[in-house]
There are 2 protein chains.
Amino acid sequence: MHNLALVQRELFHAGPMSRADLARATGLTRVTASGLVGELIAREVVVEQGPRARSGPGKPGVLVDLDREGLQVISLDLSGAEAYRGAVMDLTGTILARLEEPRRGRETSDQAQATVLALARNLLALADRRVLGVGVGTPGVVSDQGVVLTAPNIGWDGVPLRDLLHRELSVPVVVRNDANAAALAEQTLGGGDPDMFLVRVGRGVGGALMIRGELVVGRYNAAGEIGHVPVGEGGGPECVCGKRGCLESWISVPRLGELVQEAERAGRPIEDVLSGAGTKLGILLAPIVGALNLSDVVVAGPRSLLEGTFLDAAQEALRSRILGRFHTQVRMRLPADSDDIVLRGGLVMVLESELGVS
Amino acid sequence: MHNLALVQRELFHAGPMSRADLARATGLTRVTASGLVGELIAREVVVEQGPRARSGPGKPGVLVDLDREGLQVISLDLSGAEAYRGAVMDLTGTILARLEEPRRGRETSDQAQATVLALARNLLALADRRVLGVGVGTPGVVSDQGVVLTAPNIGWDGVPLRDLLHRELSVPVVVRNDANAAALAEQTLGGGDPDMFLVRVGRGVGGALMIRGELVVGRYNAAGEIGHVPVGEGGGPECVCGKRGCLESWISVPRLGELVQEAERAGRPIEDVLSGAGTKLGILLAPIVGALNLSDVVVAGPRSLLEGTFLDAAQEALRSRILGRFHTQVRMRLPADSDDIVLRGGLVMVLESELGVS
DNA sequence: CATGTTTGTAAGTATGACTTACAAAGCGGC
DNA sequence: GCCGCTTTGTAAGTCATACTTACAAACATG
C-alpha cells in the first residue's frame, strides 16, 4: 500500500519510464516494482505506453505512466467574490471544461450549499473519463474532516461540506482552505521549496504554510491566517475586526485599490503606495520567516498590483530584518503559474488523497 | 521495527502494563504485542515486574516496563556562560551524577572540543549501568548530521561534534541546538502541546518550534533563531549584530539586568521595565503564533525575571494581537520543570533516536 | 553470428503481523 | 469446594509483501 503510493509519486513527478527505471528510482527491486505496476494497471491508474526508443544495448523497456489523460478530477474554487468557479481537469493540470455559478448577494448558508452542489454535479456530468475525486478550495477555516468551521464570506458555520458532497456525488471529496489549496498547487505543480509560506492577497489576506512538503494546519485548523495580525507595534487604519493596523487593512486588494486611487487624485507616485504596502508585508513576515528559517515566500494575487514595486519592497524589508549570522537566503516571488492556482490546488488535493502523490 | 518503537513509546508514556494492556493501547493483537515484548526483553530494554495486583476476574497479567533504572544516558549542556555542564541520568529523568568543566576565557575551538570530550568521558566513567547514548545541547546552529555549523559563543564553525564524540566514546551520540533540546524536554517530559514554540531567554535569545510533535529545523537548520529579528517596525537599541531593536537587544538577561538596575537607581518601578520588555516579546511572537495557529508558548529562562509581570505583559500583548474570529486560544507559560531543561532534553534526544520514543 | 547487456517475470524464501485455538490463573455463585 | 466465566499469554498456522535467485526475450556491438 505504502509502496504503491511511492510508485505513483515517482511516476507523477518523473514521467513515463520503464519498470526497471522505476525500480532504480524507488530503491525497490525490479520484481517488486514490476508487481506494483501490475497492480496499478489492474486498477486502471497506470497504462503502458509501448516500448522505449532503443538507446543502448539490452532489451528496450516498456514505458509505463500514470493514465494522465484517462483520469479526471473536478476542482472547485469558492473564493471568488462574484462567483463560485469550477473545472474538469485531467492529471496534467489541463482544464478541459469550466463552469461558474454566480453568487447572489445575501445568500443563505443552505442556498450556498445547494449552489455549490449543483456546480459540482454539472461538472461531473461534463467529465468524460473516470473521475478520481472532487477537490474544493474554500475561504474560511476547514477542519481535517472537511467541515467548514467558519467562512464569513459565504455565511458558513460548521458546514460538513465534504460529507455533503460525498453523499450526493458518490466520489471522494477533499475540502481545504483556498490558501492551502494554492500552496499545494505551487508546491507540487510549481516546484516550490518543501518549506514555503504562501500569502494570498485578495479581498482578504490569508496564508498557508508548508513544512517538509506537508501543510501545517495548526491547533485549531487556522494556520496561515495572518490577515488580522497587526503589523508592527500597532497603530494604523481601523480594521473590520476591530483592531488597528492589521495586515489586511494595509494590503488587501480593495485597500490597495483605494490607496492607488487616492494617490492618483493627489498626483503622488503610485510606487510610493505600493512600496509602503509591500514594506508592511515584509515587516509582518520577518518573525515568521526567521522563526521557521524559510527560504521561499510566495505571494499570490493580482499580478498588476504585486509584481515589481510591491514585491521588491516586501523582499527588501524582509531581508533587511532577517539577515544575520546564519547563511540564510530568502526569496519572495509570485507563483510559478498564478492562473487558476486554487483550481490546480484542488487537483493536487485529490492526487494526494487518492494516489498518495505529493 | 516500527512497531517495536510503538511499544516502547507506549510504555514510556503510560508506564508499566501487561502485554494485553499493551495490545489494546497500540491496536496490535495480543500475540504480536507479546512477541514484540519478548524481543525487547531479549534486547534488555524492557523488564518484567511481576504480576499485577489482582483486580477483576481473569488471570492477572504480568507487568512489563522499560528498564527505567537499568539504563542510563549521558547528557551535556554546553550553553552555560561559565561552564560546560553534564550529567548521568536514568530514564526517569533523575540525575544520578553531575560534572562541570569551567570554560576558560578565550578558548580555541580545539580546546573547547577537548574539554567537552573530557567531560563526556568522565561522565561515562561514572555511569554504572548500560549507557544508551549521549545527548548534547549546544548553542549555535546544528545540522541534522550533528555538525555544529556555527556557534559564536564557543568559537565553533563546522565542528562535527557528533562524529567526534561517537568515534571517541563508541556510544550513540545526538547533538542539537540547546533551545531544541529544551523544547524536546518540555514536549516529552513536561506534557507540552504537540504544537509549541519555546523561547529561551538567556545571554542571548533563541527559540525552537515543534509541530505535530516534531522539531522544525528549517531550510538552513536555523529555525527558531528569533533573537536577531527586529521587533516592530524598527528603531530601538543598537544590537551586536548591527541592526536596531532586535528582540535580543530588548529582552536578553544581561539587557534586562541593566534595565532593572537603571530603574532602581532612578527610583522607577521595576515592573514598568519588565512589562515593557514582555510586550516586545508578545509583539514579535504575534505573527508567528498567528501564522502557525499555536496554542502553547513556553518561555524558558530565569524565573525571577520572567515569572509574573514579564510573562503577563507578553501574553497580554500577544493575545490582543491574535484574538479574532477563530476560536483560538493561546497560553504563555514557564516550563513545567525549568531545572536542567537542556540536560533533560539530552535524555529525550537519546530516547528518540535509540528507542523511537517521542 | 556469437557475446554481452538489459528487461521483465517465475519460483522460492524471509519477515511481520494476523487469526484461531488452548492451557493457565484468577473471580464469583452455588 | 467446585463449576462456569473471564482474562492472560503463547503455540500453530495463514496471509501479505518484499526480497533473492534464476531465466527467457530482445537488443547493440564487434
Side-chain angles (χ1 to χ4, degrees), chain A residues 1-12 14-67 354-357, chain B residues 1-12 14-67 354-357:
Chain A
M1 202 63 198
H2 179 251
N3 282 344
L4 280 176
L6 180 63
V7 166
Q8 289 172 142
R9 189 157 48 237
E10 186 61 35
L11 282 177
F12 180 80
M17 60 177 80
S18 73
R19 292 165 170 85
D21 293 335
L22 211 37
R24 278 184 292 268
T26 57
L28 301 168
T29 58
R30 276 209 317 280
V31 179
T32 304
S34 196
L36 293 171
V37 167
E39 170 69 26
L40 291 175
I41 289 177
R43 294 190 190 184
E44 298 188 324
V45 168
V46 163
V47 288
E48 290 198 338
Q49 295 190 328
R52 182 212 309 275
R54 46 209 159 283
S55 52
K59 171 178 171 178
V62 177
L63 295 178
V64 296
D65 193 12
L66 290 179
D67 191 0
E354 297 307 305
L355 304 184
V357 166
Chain B
M1 202 62 197
H2 179 253
N3 281 344
L4 280 178
L6 180 63
V7 166
Q8 289 172 141
R9 189 156 49 234
E10 185 62 34
L11 282 177
F12 180 80
M17 59 177 81
S18 73
R19 293 164 169 86
D21 293 334
L22 211 36
R24 277 185 293 268
T26 57
L28 301 169
T29 58
R30 278 210 314 281
V31 179
T32 304
S34 197
L36 293 171
V37 167
E39 170 69 27
L40 291 175
I41 288 177
R43 294 190 189 184
E44 298 188 327
V45 168
V46 163
V47 289
E48 290 198 340
Q49 295 190 328
R52 182 212 309 274
R54 46 206 163 285
S55 53
K59 170 178 172 177
V62 177
L63 295 178
V64 296
D65 193 11
L66 291 179
D67 191 1
E354 295 308 304
L355 304 184
V357 166

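The shown structure was predicted, so the numbers you read here are calculated from the model rather than taken from an experiment.
- The phosphate of D:dA18 has neither OP1 nor OP2 within less than 4.0 Å of any side-chain N or O from A:T29.
- For A:E44, the CD atom is loosely surrounded, since the number of other residues' heavy atoms within 6.0 Å does not exceed 12.
- The distance between atom CZ of A:R30 and atom C1' of D:dT20, rounded to the nearest whole Å, is 12 Å.
- A:L36 places its CG atom 12 Å from the P atom of C:dT9, with the value rounded to the nearest Å.
- As judged by a 4.0 angstrom heavy-atom cut-off over every strand, A:R19 is placed among residues touching the sugar-phosphate backbone only.
- Nearest-nucleotide positions on DNA chain D for A:G58 and A:L4 put A:L4 closer to the 5' end.
- Atom CG of B:L6 is separated from atom C1' of C:dA17 by 13 Å (rounded to the nearest Å).
- Of the candidate nucleotides D:dG9, D:dA26, D:dT20, D:dT20 has the atom nearest to the side chain of A:V31.
- Looking at B:R9, its side chain does come within 3.5 Å of a backbone N or O of B:G356 through a donor-acceptor pair.
- Contact check for B:V37 versus B:L40: no side-chain heavy atoms found under the 4.5 Å cut-off.
- Residue B:L28 places its side chain closer to C:dC18 than to any other of C:dG26, D:dA26, C:dC18.
- Between C:dG8 and A:S18, a contact under 4.0 Å exists linking OP1 or OP2 to a side-chain N or O.
- The shortest distance between the side-chain N/O atoms of B:N3 and the OP1/OP2 oxygens of C:dA17 is below 4.0 Å.
- Taking a cutoff of 4.0 Å between a charged side-chain nitrogen and a carboxylate oxygen, B:R24 and B:E10 do not qualify as a salt bridge.
- Picking from C:dA17, D:dT10, C:dG8 the nucleotide with the shortest atom distance to the side chain of A:S34 gives C:dG8.
- Residue B:A20 has its side chain nearest to D:dT8 when only D:dT8, D:dA11, D:dC19 are considered.
- When each of D:dA26, C:dA24, C:dT7 is scored by its nearest atom to the side-chain atoms of A:D21, the top-ranked nucleotide is C:dT7.
- For the pair B:E39 CD and C:dA17 P, the computed distance is 10 Å after rounding to whole Å.
- Checking side-chain atoms of B:Q8 against main-chain N and O of B:L355 turns up a donor-acceptor pair under 3.5 Å.
- Residue-level contact check: B:R24 touches the backbone only, with heavy atoms under 4.0 Å from sugar-phosphate atoms and none from bases.
- For the pair A:H2 NE2 and C:dG16 P, the interatomic distance rounds to 17 Å; values are reported in whole Å.
- Minimum atom distance to the side chain of B:P57 is reached by C:dC27, of the listed C:dT19, C:dC27, C:dA11.
- With rounding to whole Å, A:L22 atom CG is found 18 Å from C:dT6 atom P.
- Atom C1' of nucleotide C:dT3 and atom NZ of A:K59 are separated by 18 Å, given to the nearest angstrom.
- Closest to the side chain of B:V62, out of D:dG9, C:dA17, C:dG8, is D:dG9.
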